[in-house]
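Structure first, then comments.
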Protein chains: 2
Amino acid sequence: MKKSELLKEFKHYIKKSGLKYTPQREAIFRKIISTKGHFEIEDLIHKIKTKNMSVSRATVYRTLNILKEMGLVNEVIKYGNKTIYEVALKEHHDHLICKKCGKIIEFHSDEIEKLQDKICNKYDFKPEFHRLEIFGICKECRQK
Amino acid sequence: MKKSELLKEFKHYIKKSGLKYTPQREAIFRKIISTKGHFEIEDLIHKIKTKNMSVSRATVYRTLNILKEMGLVNEVIKYGNKTIYEVALKEHHDHLICKKCGKIIEFHSDEIEKLQDKICNKYDFKPEFHRLEIFGICKECRQK
DNA sequence: ATGGTTGCAAAATGTTTGCAATGGC
DNA sequence: GCCATTGCAAACATTTTGCAACCAT
């Protein structure tokens, strides 16, 4: 999906929910979708600042909460006291996280997804979201 | 494994690492292993207080960090800003977490574990720990 | 006796909130 | 103009840390 379409969709979402489409919200969303992969809030806050735009920490947190509720952004990794977010645009996937260098590798396994569904059925549990994090040491870090 | 054996093992670990076996550390470990399932730090701190024993918040955090390093305790669920811990004594398993009532259901799937290994092999990644959390709504909560 | 450990309070993080001013609609 | 939103600072929640007194070995 193109950036302009995404923005349009975001605007639509916002309006539909009776919220206001403010420059701050647009700036935050723009920055998030231009982030190719994963991001942390603190980075986002700093990267949003430009000559003619600045968004307060509070607004970033508040907007991110809206985006989470809308399902446009997910908390994909929780490590120590850090939370790493991701735009929910690509197909669902999970992560390998290197404890040494912090590298994040994405993977997807239909088989694992299916097995999860099977487990949920067994317990009559209605899944809404899942997160599979595998922590370890990546190839490059082991070679050193 | 029996409680007394666990304590012995814990003491051994502590000594082997050149640390001191203090009443506070024992009290914390005792409370953790008597906790059948999952626990949160704040609860632990409050439950440890008895007439003749009290452990400071700082010491609980410090001891928990030692236990994590030793691999005797794992962070198994991270939800919002909460962390839920578990003693690493039973066979590895993962969790279904009900977003309504907070219920935690444990499950284990050898097939999922094997698929994870396969993925790690593919990326030449050496896994150390993983966490699969499935958030959703449990049977009981859906019936209301 | 000595060096790790404890408790306390302060600091450091990460996140939320109250409130007055602002600005979409 | 109305009411949601913003920015700020203060409040909160969680975890870590500096330091003097303490205590396991």
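As a basis for the values below, the full set of heavy atoms in this structure was taken, side chains included, without hydrogen atoms, waters or symmetry mates.
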(message) Between Ile97(A) and Ile137(A), is there shared hydrophobic-cluster membership here, with clusters defined by ILVMFWY side-chain heavy atoms closer than 4.5 Å?
(response) no
(request) Could you grab the distance from atom CZ of Phe107(B) to atom CD1 of Ile134(B), nearest 0.5 Å is fine? (result) 4.0 Å
(request) Kindly say whether Lys31(B) contributes a backbone atom to a donor-acceptor pair with the side chain of Ser34(B) at under 3.5 angstrom? (result) yes
(message) Between P on dA4(D) and CD1 on Ile14(A), what's the gap in Å once rounded to a whole number?
(response) 14 Å
(request) Using a cut-off of strictly less than 4.0 Å between a heavy atom of the residue and any atom of DNA chain D, enumerate the qualifying residues of residues 53-67 of chain B by number. (result) Arg57(B), Ala58(B), Tyr61(B), Arg62(B), Asn65(B)
(message) Hydrophobic clusters here meaning ILVMFWY residues chained together by side-chain heavy-atom distances under 4.5 Å, can you tell me if Phe125(B) and Leu132(A) are in one?
(response) yes
(message) Which is more 5' along DNA chain D, the nucleotide nearest Lys15(B) or the one nearest Glu42(B)? Just name the residue.
(response) Glu42(B)
(message) If we ignore hydrogens and angles and just use 3.5 Å, is the side chain of His108(A) paired with the main-chain N or O of Glu106(A) as donor and acceptor?
(response) no
I'd like a table of donor-acceptor pairs (distance under 3.5 Å, sequence neighbours excluded) in which one partner is a side-chain atom from residues 13-21 of chain B, with atom names and distances.
| from | atom 1 | to | atom 2 | distance (Å) |
| --- | --- | --- | --- | --- |
| Ser17(B) | OG | Tyr13(B) | O | 2.8 |
| Tyr21(B) | OH | Glu26(B) | OE1 | 3.0 |

(message) Per the side chain to side chain donor-acceptor pair (under 3.5 Å) rule, what does the pair list look like for residues 118-129 of chain A, sequence neighbours excluded?
(response) Asp124(A)-Arg142(B), Glu128(A)-Lys99(B)
(message) Between Tyr85(A) and Phe129(A), is there shared hydrophobic-cluster membership here, with clusters defined by ILVMFWY side-chain heavy atoms closer than 4.5 Å?
(response) no
(request) Rounded to 10°, tell me the angle between the two end axes of the helix from dA1(C)-dT25(D) to dC25(C)-dG1(D), each built from five pairs. (result) 30°
(request) Whole angstrom is fine here: how far is it from NZ in Lys82(A) over to C1' in dT16(D)? (result) 15 Å
(message) Could you see if Phe135(B) belongs to whatever hydrophobic cluster contains Ile84(A)? Use Ile, Leu, Val, Met, Phe, Trp, Tyr and a side-chain cutoff under 4.5 Å.
(response) no
(request) Please list residues of residues 20-32 of chain B whose heavy atoms come under 4.0 Å from any atom in DNA chain D, ordered by number; otherwise none. (result) Lys20(B), Tyr21(B), Pro23(B)
(message) Can you confirm whether more than 12 heavy atoms, excluding those of Lys68(B), are under 6.0 Å from its NZ atom?
(response) yes
(message) To the nearest 0.5 Å, what is the distance between CG on Leu44(A) and CD1 on Ile28(A)?
(response) 7.0 Å
(request) Nearest whole angstrom, please: distance from the P of dT6(D) to the NZ of Lys49(A). (result) 16 Å
(message) Expressed as a whole number of angstroms, how long is the span from Leu19(B):CG to dC23(D):P?
(response) 19 Å
(message) Whole angstroms only, please: what is the OH-C1' distance between Tyr79(A) and dT15(D)?
(response) 16 Å
(request) Check every nucleotide of DNA chain C for an atom under 4.0 Å from a heavy-atom of chain A, then give the first and the last such nucleotide from 5' to 3'. (result) dG14(C) to dC25(C)
(request) Output yes when Lys78(A) and Glu133(B) qualify as a salt bridge under the 4.0 Å nitrogen-oxygen rule, no when they do not. (result) no
(request) Kindly say whether Ile45(B) contributes a backbone atom to a donor-acceptor pair with the side chain of Arg57(B) at under 3.5 angstrom? (result) no
